[in-house]
Amino acid sequence: MNDPMLDHAGRPRIVVTGIGMVTALGMDAATSWAGLRAGRSGIRAITRFDASAMRSRIGGCIDLPGDAPGRPLSAGARVTELAGLALAEAVAQSGLPHPFPGPLSLGVPPFEVEWPLRQQALERAAAPTHRSLAEAMAEMPEVHRQQQVVAPLRDLARRFGTTGMPQAVSTACASGASAIQLAVEAIRRGEADAVLTGGAEGSLTPETLIRFSLLQALSARGDPPEAASRPFSLTRDGFVMGDGAAGIVLESRAHALARGATILGEICGVGERADTFHRTRSSPDGLAISGAMNAALADAGLAPAAIGYVNAHGTSTPENDKMEALAMHQVFGPTCPPISSTKSMLGHTLSAAGAIEAVICLLAIRDQTLPPTINQDDTDPALELDVVPNTARPVRGLRAALSNSFGFGGQNVCVVVGGA
Amino acid sequence: MNTVCVTGVGLVSSQGVGRGPHLSAGQPIVDSESFAPFPIHPMPVLDMAPSIPRREWRQMEPWQRLGTYAAGLALADADALARVQGMHLVVAAGGGERDYALDEAILAELPTIAPDRREAWLHRRLADGLRPTLFLAQLPNLLAGSISIVHGVSGSSRTLMGEEGAGAEAVRVAAARVAAGTAAMVLVGGASVAGRWDTMQIFGRALHRGGFAPTAERPGMILGTQAGFVVLESLEHARARGVAVLAVLRDVRVDAGEPAARAARLAAITPPGPSLSLAPHAGPGLDGAEALGDGLGAGLEAAFPVGVAVAAARVAAGGGRLSVQGFGHGMAEFSAILEAAP
């Protein structure tokens, strides 16, 4: 009955043997985590394109050598590069060989032809029409190669030698958590002993920044940039976009121990609920998001009291933070465990957020340290939450943490992370 | 492991709506004019508006409406419209669609703007011109979101992106969850609209030009408007609720790898016996198979769900066993078996 390889439901336990993280605070997990523990913001003015006409001119930017002024990397290229860095770090730590002995499941954004490429095609086109652009782009081999939505996953699967068809998972801001969930389920079903998973985001492009602005989703603050992302505060007014990626190697506990791997932590459970209420707003009763949290706890076989820390979805929009607080109290009662939003420092990394924040939970448990929510000079008292304001907090006995991710389209996914 | 079966099918293609028009290979219906030089298999004559509330209709683009409509057909076909609470959803989608008029206005004016002012000018034009809700109509996961909102499907919701292989992987994951008993009912499918300049710009290099040509005779794709959704549940679950089983779904296989070895990979997963080929253009697996693409065109993310839906409809009508097999134009090879329920 008490087989240490199986969980409470008799399924293979899923352990983490490698992590990688690339954020606005650092190009690897250690540097990023050090910045988060120090309560440092990675939000700054956007310089890789002209944001002067934008309502939001800041972001959690990770500029790369390929970014030329006025001609930044495309979203797809940035996703491939950031994911490549984070996945390579995770695989190296796991000690698993090349080719990677399992499939790839990654939360990634959709992308499309962007204006610099469209302008290149315009120069070759007979007329400024979509028809002429289509004919011009058909003569540009890189367009078809790079613009298929599968392109980043195809290139990453080839690089890491993963098996089968790679999964490009999109549940908006829950994509990284959904990818972890698909990976966990594949191991539980016995389809794989190891899965390379995570999330990557590169959507901080002019047009996507404009589109989020038009949805009134972004903070209009910007001076100073570091103060704009202020989840749970009275003056929160929207999120700040961020670049980032996380890589996670998941294995069955039996597989990891058999090869003598170092176990960094565990994915104890994953839960989800689809909201049927609205494209961008949660149902006002909060039940779709508290339902996802409860489903994750049930999947992990844990009572709410076992959770010592929650990494919030915490986008810093008025709506999200209010609904998340409501759902927290539905799950945990009047006194909730400490909850912090690391988006206050990294910005909202959208498709990567669920994976980055699962990694952060794992590091919080390893180091018995809760990362803070920064910019808390006016925490909203109505939320009745301990948001770990401004400075990291040492704790004792932290064994399990919950990571929340709620996406546009009503796709809510929560992950329970346990210690080694 | 549970036996997985199909209890409902939602199908839309240029051949028509529902199971009937897809029971045999029909004459190709091709529009060679509207998107010349690229021919397409167009949307059939169809009034989806009564099936989708006005408020939701306005926030969707055609590919989302088509998918939401086909998902509703599958739920009705499975007598499952009242069983959506807790039902799981897996969607394969590519997203996109743009404000073509705005883009063309910008493209016409852009060369008249001084080069050093173009970037800021472009951003201002987009900020002033883009319709706010267009973004939501472009996001791939918002097809699933729309299905949840319009039909009330509220269990789980996952979207896989990535052309043909994503459609096959979506069906594989959905079937695996039913087989493992971790999901009682799953609605899975995809939708693709052929007449879109943004997709033609991306796939132009891989498209056939001119008039119709059969799949086996053309190296390029003819895109086809298609949507296919199926309701999957265990045989036991279907029988317990007294609903007709259209077909049993077995052995959903998906693979990918180096292009040079794709014929070998496809052969390794293709079962013997009669089959429907989902080949998007000339390539392996077409010999001795019915090329579904001759009548339906290439459906990208929708191709595999449509193939499974067509095969299930044919098994329901005629019994026996039918496999679907094919490959993506860029990557992935896939197959599945549909057979009459025991």
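All chains are named by letter (A, B, ...) in the order of the sequence lines, taking the proteins before the strands, and each is independently numbered beginning at 1.
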- Task: Could you list the residues that satisfy ring pair (Phe, Tyr, Trp, His ring centres under 6.0 Å) with A/Phe100, not counting sequence neighbours?
- Result: none
- Query: Could you give the distance from CG (B/Leu126) to CH2 (A/Trp115), rounded to the nearest 0.5 Å?
  - Reply: 6.0 Å
- Query: With a 4.5 angstrom heavy-atom cut-off, which part of A/Val413 approaches chain B: side chain, backbone, both or neither?
  - Reply: neither
- Item | Within-4.5 Å side-chain heavy-atom neighbours: A/Gln167 and B/Val173 | yes
- Residue pair B/Trp197 / A/Thr129, side-chain heavy-atom distance below 4.5 Å: no
- Item | Candidates A/Met137, A/His144, A/Gln147 - the one meeting side-chain contact (heavy atoms from CB on, under 4.5 Å) with B/Phe203 | A/His144
- So, the part of A/Arg189 with a heavy atom under 4.5 Å from chain B: the answer is side chain
- Comparing B/Val84, B/Ile147, B/Asn141 against chain A, the one with the most heavy-atom pairs below 4.5 Å turns out to be B/Asn141
- Region of A/Glu185 in contact with chain B, defined by heavy-atom distances below 4.5 Å: side chain
- Task: Check whether B/Leu136 gets within reach of chain A through its side chain, its backbone, both or neither, counting any heavy atom under 4.5 Å.
- Result: side chain
- Query: Which residues in residues 152-164 of chain A have any heavy atom lying under 4.5 Å from a heavy atom of chain B?
  - Reply: A/Arg154, A/Arg158, A/Gly164
- Which atoms of B/Leu142 come close to chain A, meaning under 4.5 Å heavy atom to heavy atom: side chain ones, backbone ones, both, or neither? side chain
- Side chain, backbone, both or neither: which part of B/Phe35 has a non-hydrogen atom closer than 4.5 Å to chain A? backbone
- Query: What's the verdict on salt bridge (Lys or Arg N to Asp or Glu O under 4.0 Å) for A/Arg71 and B/Glu119, showing C-alpha distance, side-chain angles and the deciding distance?
  - Reply: CA-CA 10 Å; A/Arg71 185 157 291 191; B/Glu119 200 187 352; over 6 Å; no
- Under a 4.5 Å cut-off applied to non-hydrogen side-chain atoms, are B/Pro37 and A/Glu135 in contact? yes
- Taking B/His151, B/Glu109, B/Arg172 one by one, which has the highest count of heavy-atom pairs under 4.5 Å against chain A? B/Arg172
- Task: Give, as side chain, backbone, both or neither, the part of B/Met87 having an atom under 4.5 angstrom from any heavy atom of chain A.
- Result: neither
- Do B/Asp198 and A/Val113 have side chains that get closer than 4.5 Å, going by heavy atoms? no
- Within a strict 4.5 Å, meaning less than it, do heavy atoms of the A/Ser170 and B/Leu139 side chains meet? no
- chain B contact residues among residues 205-217 of chain A, heavy-atom distance under 4.5 Å: A/Pro206, A/Glu207, A/Thr208, A/Ile210, A/Arg211, A/Phe212, A/Leu214, A/Leu215
- Max heavy-atom pairs within cutoff under 4.5 Å with chain A, candidates B/Leu110, B/Leu89, B/Leu122, B/Leu143, goes to B/Leu122
- Sort A/Phe49 into side chain, backbone, both or neither according to what part of it lies under 4.5 angstrom from a heavy atom of chain B. both
- Message: Would B/Arg98 and A/Glu112 count as a side chain to side chain contact (heavy atoms under 4.5 Å, CB included) here? Give the steps.
- Response: CA-CA 10 Å; B/Arg98 296 190 58 81; A/Glu112 59 178 353; 2.6 Å; yes
- Message: Less than 4.5 Å apart, side chain to side chain, heavy atoms only: is that true for A/Arg145 and B/Arg205?
- Response: no
- Message: So, taking the atom named CD1 in B/Ile106 and the one named CG in A/Leu122, what distance separates them when rounded to the nearest 0.5 Å?
- Response: 11.5 Å
- Item | Contact check, side chains of A/Gln181 and B/Arg158, non-hydrogen atoms, under 4.5 Å | yes
- Item | Most chain A-contacting option - heavy-atom pairs closer than 4.5 Å, from B/Thr182, B/Thr133, B/Val91, B/Ile202 | B/Ile202
- Answer yes or no: is there a donor N or O on one side and an acceptor on the other, between the side chain of A/Arg131 and the main chain of B/Ala36, under 3.5 Å? yes
- Region of A/Asn412 that comes under 4.5 Å of a non-hydrogen atom in chain B: neither
- Structural part of B/Leu134 lying under 4.5 Å from a heavy atom of chain A: neither
- Task: Sort B/Thr199 into side chain, backbone, both or neither according to what part of it lies under 4.5 angstrom from a heavy atom of chain A.
- Result: neither
- Using non-hydrogen atoms and a 4.5 Å limit, figure out which bit of A/Glu191 sits close to chain B: side chain, backbone, both or neither. side chain
- Per-residue contact mode, B/Val153 against chain A (heavy atom under 4.5 angstrom): backbone
- Message: For B/Glu258, which atoms come within 4.5 Å of any heavy atom of chain A: side chain, backbone, both, or neither?
- Response: side chain
- Query: What parts of residues 172-179 of chain A touch chain B if we use heavy atoms and a cut-off under 4.5 Å?
  - Reply: A/Ala172
- Query: Can you say whether A/Met54 sits under 4.5 Å from chain B via the side chain, the backbone, both, or neither, judging by heavy atoms?
  - Reply: side chain
- At a heavy-atom separation under 4.5 Å, does B/Arg253 approach chain A through its side chain, its backbone, both, or neither? neither
- Query: Which region of B/Arg55, side chain (C-beta onward) or backbone (N, CA, C, O), has a non-hydrogen atom less than 4.5 Å from a non-hydrogen atom of chain A, or is it both or neither?
  - Reply: side chain
- Query: Under 3.5 Å, side chain of B/Glu163 to main-chain N/O of A/Val150, donor-acceptor pair present?
  - Reply: yes
- Of all of B/Ala168, B/Gly165, B/Ala180, which one pairs up most often with chain A through heavy atoms under 4.5 Å apart? B/Gly165
- Task: Go through the steps to decide whether B/Leu107 and A/Arg118 satisfy the test side chain to side chain contact (heavy atoms under 4.5 Å, CB included), and finish with yes or no.
- Result: CA-CA 9 Å; B/Leu107 289 166; A/Arg118 195 171 286 118; 4.1 Å; yes
- Task: Could you please spell out the steps behind the side chain to side chain contact (heavy atoms under 4.5 Å, CB included) verdict for B/Asp103 and A/Leu133?
- Result: CA-CA 11 Å; B/Asp103 283 350; A/Leu133 285 190; over 6 Å; no
- Using non-hydrogen atoms only, which part of B/Met331 is less than 4.5 Å away from chain A: side chain, backbone, both, or neither? side chain
- Contact class of B/Glu169 relative to chain A, heavy atoms under 4.5 angstrom: side chain
- Given A/Gly271, A/Ala292, A/Pro110, A/Gly407, the one with more heavy-atom pairs under 4.5 angstrom with chain B than any other is A/Pro110
- Would you give the length of the straight line joining atom OG of B/Ser157 to atom CD of A/Glu272, rounded to the nearest 0.5 angstrom? 8.0 Å
- Message: Which atoms of A/Glu139 are under 4.5 Å from chain B, going by heavy atoms: the side chain, the backbone, both sets, or neither?
- Response: both
- Contact part of B/Gln138 toward chain A, heavy-atom cut-off under 4.5 Å: side chain, backbone, both or neither? side chain
- Query: So do B/Ser148 and A/Gln411 actually touch side chain to side chain, heavy atoms under 4.5 Å?
  - Reply: no
- Any luck finding a side-chain donor-acceptor pair between A/His130 and B/Gln201 under 3.5 Å? yes
- Note on the structure: In terms of heavy-atom pairs under 4.5 Å with chain A, the winner among B/Gly330, B/Ala256, B/Gly204 is B/Ala256
- Note on the structure: The interface call for B/Arg209 against chain A, heavy-atom contacts under 4.5 Å, is side chain
- Note on the structure: Smallest heavy-atom separation, B/Arg124 atom then A/Ala53 atom, equals NH2-CB, 3.6 Å
